[in-house]
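This report refers to the structure that appears directly beneath it.
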Amino acid sequence: MTYNKKTVEDIDVKGKKVLVRCDFNVPMKDGVITDTKRIVGALPTIRYLVDNGAAVILCSHMGRPHNVLDAELKLSKKDKKKIDELPEAEREAASAAALEKAKDDITKLSLKPVAEKLTELLGKPVEMAKDVVGPDAKAKAAALKFGDVLLLENVRFHAEEEKNDPEFAKELASMAEIYVNDAFGTAHRAHASTAGVADYLPAVCGYLINKEITIMGGALENPKRPFVAILGGAKVSDKIGVINNLIDKVDMLIIGGGMAYTFFKAFGKDVGTSICEYDKLDLARELVEKARAKGVAFLLPVDNVVGREYREDTPYMRIYSDSIPDGWMGLDIGKTTQELFSKSVIGAGTVVWNGPMGVSEWENFSAGTEAVAEAVANSGAISIVGGGDSVAAVAKLGFSDKMTHVSTGGGASLEFLEGLELPGIACLEDKE
Ligand code: AMP
């Protein structure tokens with residue numbers, strides 16, 4: 001999928017109200033934002049719009065709120081229906097519990113802390129609306145001055161958001177004259193604020209999405225060769241689309257992590273109690289056959305770190321083999337494999353890496369993923385990293401700046417690598 005979309009720089013924003021969909025779905029603990037990466041990532045687009053005389057209306061989702069209507073405490077039709085179906089004696093308590101949960105979500109999943117952080121990072125006040133398309137948002141959007149910034153409440157306080165309800169999209173659009181999508185993390189979702197609004201406004205992308213599509217799209221369509229893909233993670237079934245698409249494009253495919261054991265089993269090796277998808281053995285053989293037919297080198301681990309149980313403190317050992325003894329499970333690639341995979345990226349033109357080489361959340365089984373992170377960072381290749389665990393390993397080791405691109409979207413970057421159309425990008429205007 002190649003995209004050539006208009007950006008904020010291709011449209012006149014001066015004196016215009018601009019609705020910007022950001023990804024402010026930040027991790028929070030006790031009301032405090034624990035990682036501001038996503039907010040920092042949105043700053044270039046916001047600054048550009050402010051500096052160029054637009055009135056900036058930001059929106060985003062946060063978490064998965066209970067189904068409530070607006071920031072008022074009204075239950076949605078769906079919740080009401082569920083409660084009405086209960087025996088009469090239970091309705092009152094169920095209704096009170098649902099309202100309590102809604103109230104709690106409105107407090108916990110409000111974007112207010114994001115407005116405060118943005119105020120600090122931008123060095124100018126960011127006003128917070130009490131609702132999304134309600135009277136407060138509309139009044140504040142109407143009064144917003146050019147060069148000023150307003151943040152709407154969590155768009156998922158409305159069930160209509162995820163349904164891509166056209167009326168809700170229209171209401172959102174009614175506050176602005178231009179729509180900018182800069183939320184790559186939700187670009188694979190056709191929701192009202194990620195795609196629906198584009199039916200009502202001229203729509204372009206922000207800097208973040210533009211960077212994702214330029215770098216990832218460029219690597220997939222016209223890669224500097226040799227092109228090496230490293231895929232890991234738990235299951236082959238989650239990555240079939242990516243493997244299939246990449247086999248057509250890469251020179252070498254490296255597989256690590258839990259999904260390697262399905263390939264082991266498919267070729268008659270012992271896997272002990274390792275994670276293995278026994279219903280995907282034929283598929284694993286087909287994928288290897290496809291790679292062979294296309295002349296793509298296909299690398300699997302040659303040694304492993306195995307544990308007794310799927311537990312962080314399980315006894316473990318390194319085995320110098322790609323067969324795993326009974327009563328043990330593969331939880332990381334071994335030292336020889338680390339060296340083999342690391343050597344394979346030396347001299348590569350492009351490296352795409354998605355998914356950990358083992359259970360990298362656990363100290364004893366993180367060495368393989370960290371070795372790959374280091375090798376990719378030092379490869380000198382155009383390096384693109386996606387997926388939560390790989391990105392976390394890169395950040396932990398301080399290699400983020402050594403990568404050409406660290407994708408901001410887990411699911412979205414996987415779908416991009418699968419060659420699927422992302423609705424949040426497809427809806428934007430093409431460059432002439
Ligand atoms: P994914 O979301 O598909 O990239 O998978 C990431 C998950 O795969 C992480 O939570 C890892 O703990 C898990 N994983 C990686 N290697 C293994 C393994 N050998 N056994 C079990 N789980 C694994």
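Counting starts at 1 for both ligands and their atoms, in listed order.
Between E221 and T2, the side chains place no donor N or O within less than 3.5 Å of an acceptor N or O (distance only, hydrogens not considered). In this structure, a donor-acceptor pair under 3.5 Å is present between the side chains of E212 and T408.
On a distance-only criterion, A234 and ligand 1 share at least one N/O pair closer than 3.5 Å. Residue G330 places at least one N or O, backbone or side chain, under 3.5 Å from an N or O of ligand 1.
Using a 4.0 Å threshold on non-hydrogen atoms, atom 2 (O) of ligand 1 does not count as touching the protein.
Close approach of ligand 1 to I275 is summarised as follows: ligand atoms under 4.0 Å from at least one heavy atom of the residue are 20 (N), 21 (C). Ligand-side atoms of ligand 1 in range of G258: 15 (C), 16 (N), 17 (C), 18 (C), 19 (N), range being under 4.0 angstrom from any heavy atom. Which parts of ligand 1 touch K239 is read off a 4.0 Å heavy-atom cut-off, strictly below it: atoms 1 (P), 3 (O), 4 (O). Counting atoms of ligand 1 from 1 in the listed order, those under 4.0 Å from a heavy atom of P356 are 4 (O), 6 (C).
Residue D313 qualifies as enclosed at atom CG: its count of foreign heavy atoms under 6.0 Å is above 12. The environment of F399 atom CZ is dense: over 12 non-hydrogen atoms of other residues, nucleotides or ligands sit within 6.0 angstrom.
Contact analysis puts Y261 in contact with ligand 1, with a non-hydrogen atom separation below 4.0 angstrom. Ligand 1 has no atom lying under 4.0 Å from any heavy atom of M329. Residue contacts with ligand 1 include E361, since one or more of its heavy atoms lies under 4.0 Å from the ligand.
Under 4.0 angstrom from ligand 1, the non-hydrogen atoms of D389 all belong to its side chain. The parts of V359 lying near ligand 1 are both backbone and side chain, judged by heavy-atom distances below 4.0 Å.
Heavy-atom minimum distance, S274 versus V271: OG-O, 2.7 Å. When all heavy atoms of A169 and Y200 are compared, the pair lying nearest together is CB-CE1, 3.9 Å.
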Checklist entry - Hey, mind stepping through W362 and Y310 against ring-ring contact (aromatic ring centres under 6.0 Å, His included) and telling me if it holds? => result CA-CA 10 Å; W362 296 342; Y310 186 73; 4.7 Å; yes

May I have the list of side-chain donor-acceptor pairs in residues 409-420 shorter than 3.5 Å, sequence neighbours left out?
{"residue": "S413", "atom": "OG", "partner": "G409", "partner atom": "O", "Å": "2.7"}
{"residue": "S413", "atom": "OG", "partner": "G410", "partner atom": "O", "Å": "3.2"}

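Take E421 and apply the salt bridge (charged side-chain N to carboxylate O under 4.0 Å, His left out) test, not counting sequence neighbours, and it matches no residue.
Closest to atom 15 (C) of ligand 1, if we only count protein heavy atoms, is G358 O, 3.1 Å.
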